[in-house]
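What follows is one structure encoded as structure tokens, with my remarks underneath.
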Amino acid sequence: MNTKASLRQAGRHLGDALDAGADCLVTPCPLCHLNLDLQQPLAAKVVSRELGLPVLHLPQLVGLALGLEPKQLGMSKHVVRPASVIDWSTAVLGASNGRVRGA
């Protein structure tokens with residue numbers, strides 16, 4: 001494995017997402033999630049820019065949409081804390097609580 005190339009690629013992907021205005025990245029692949037979140041501080045150094053983009057594993061996003069607590073979804077274990085995503089999902093779910101399902 002070429003660690004520097006891997007970090008450069010991760011940093012480029014994260015930077016492109018930030019440049020496009022993304023609030024977070026979501027991946028269905030557990031290994032990609034680990035690489036993009038866990039290695040993000042090192043990737044930031046390799047690409048010489050701040051990143052700090054939350055990366056979620058797809059089941060975590062689905063869990064938030066279903067109203068599960070962030071702690072139940074392991075979000076406290078992220079290197080880049082997904083606070084903005086959690087705040088957004090809480091606001092959306094809170095706003096929809098008064099609605100009748102299927103209405």
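Since this is a predicted model, take the numbers as computed values, not measurements. Counting from 1, the numbers follow the sequence of the chain as shown.
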message = Show the nearest heavy-atom pair for residues Ala43 and Ala10, with the distance to one decimal.
response = CB-CB, 4.3 Å

task = Compare all side-chain heavy atoms of Leu64 with those of Met75 and state whether any distance is below 4.5 angstrom.
result = yes

message = I'd like to know if Val26 and Leu31 are part of one continuous hydrophobic network [Ile/Leu/Val/Met/Phe/Trp/Tyr, side-chain heavy atoms within less than 4.5 Å].
response = no

Qualifying salt bridge (Lys or Arg N to Asp or Glu O under 4.0 Å) pairs, either residue in residues 55-80, two or more places apart = none

Minimum heavy-atom distance Val79-Pro41, with the two atoms named = CG1-CG, 3.8 Å

query = Heavy-atom distance under 4.5 Å between the side chains of Leu56 and Leu73, does that happen here?
reply = no

Smallest separation among heavy atoms of Arg81 and Ser76, with atom names = NH1-O, 2.6 Å

task = Would you list the pairs meeting side-chain hydrogen bond (donor to acceptor under 3.5 Å, both in side chains) in which at least one residue belongs to residues 42-66, sequence neighbours left out?
result = Asp19-Arg49, Gln60-His78

inquiry  = Once side-chain hydrogen bond (donor to acceptor under 3.5 Å, both in side chains) is applied, what residue pairs with a partner in residues 21-44 remain, sequence neighbours excluded?
reply    = none

ask   = Does Asp87 have any side chain to side chain contact (heavy atoms under 4.5 Å, CB included) partners at least two apart in sequence or in another chain, and if so, which?
value = none

request  = Supply the members, apart from Leu7, of the Ile/Leu/Val/Met/Phe/Trp/Tyr cluster built from side-chain contacts under 4.5 Å; use none for a lone residue.
outcome  = Leu42, Val46

task = Identify which one of Leu36, Val80, Leu25 satisfies the side chain to side chain contact (heavy atoms under 4.5 Å, CB included) criterion when paired with Leu53.
result = Leu25

query = What distance separates Cys32 SG from Leu58 CG, expressed to the nearest 0.5 Å?
reply = 12.5 Å

ask   = Taking a hydrophobic cluster as the set of Ile, Leu, Val, Met, Phe, Trp and Tyr residues connected by side-chain heavy atoms closer than 4.5 Å, whether directly or through intermediates, do Val55 and Leu38 fall within one such cluster?
value = no

task = With sequence neighbours left out, write down each residue that passes side chain to side chain contact (heavy atoms under 4.5 Å, CB included) with Ala5, or none if nothing qualifies.
result = Asn2, Arg8

request  = Drop me the distance from Cys24's SG to Leu14's CG, to the nearest 0.5 angstrom.
outcome  = 11.5 Å

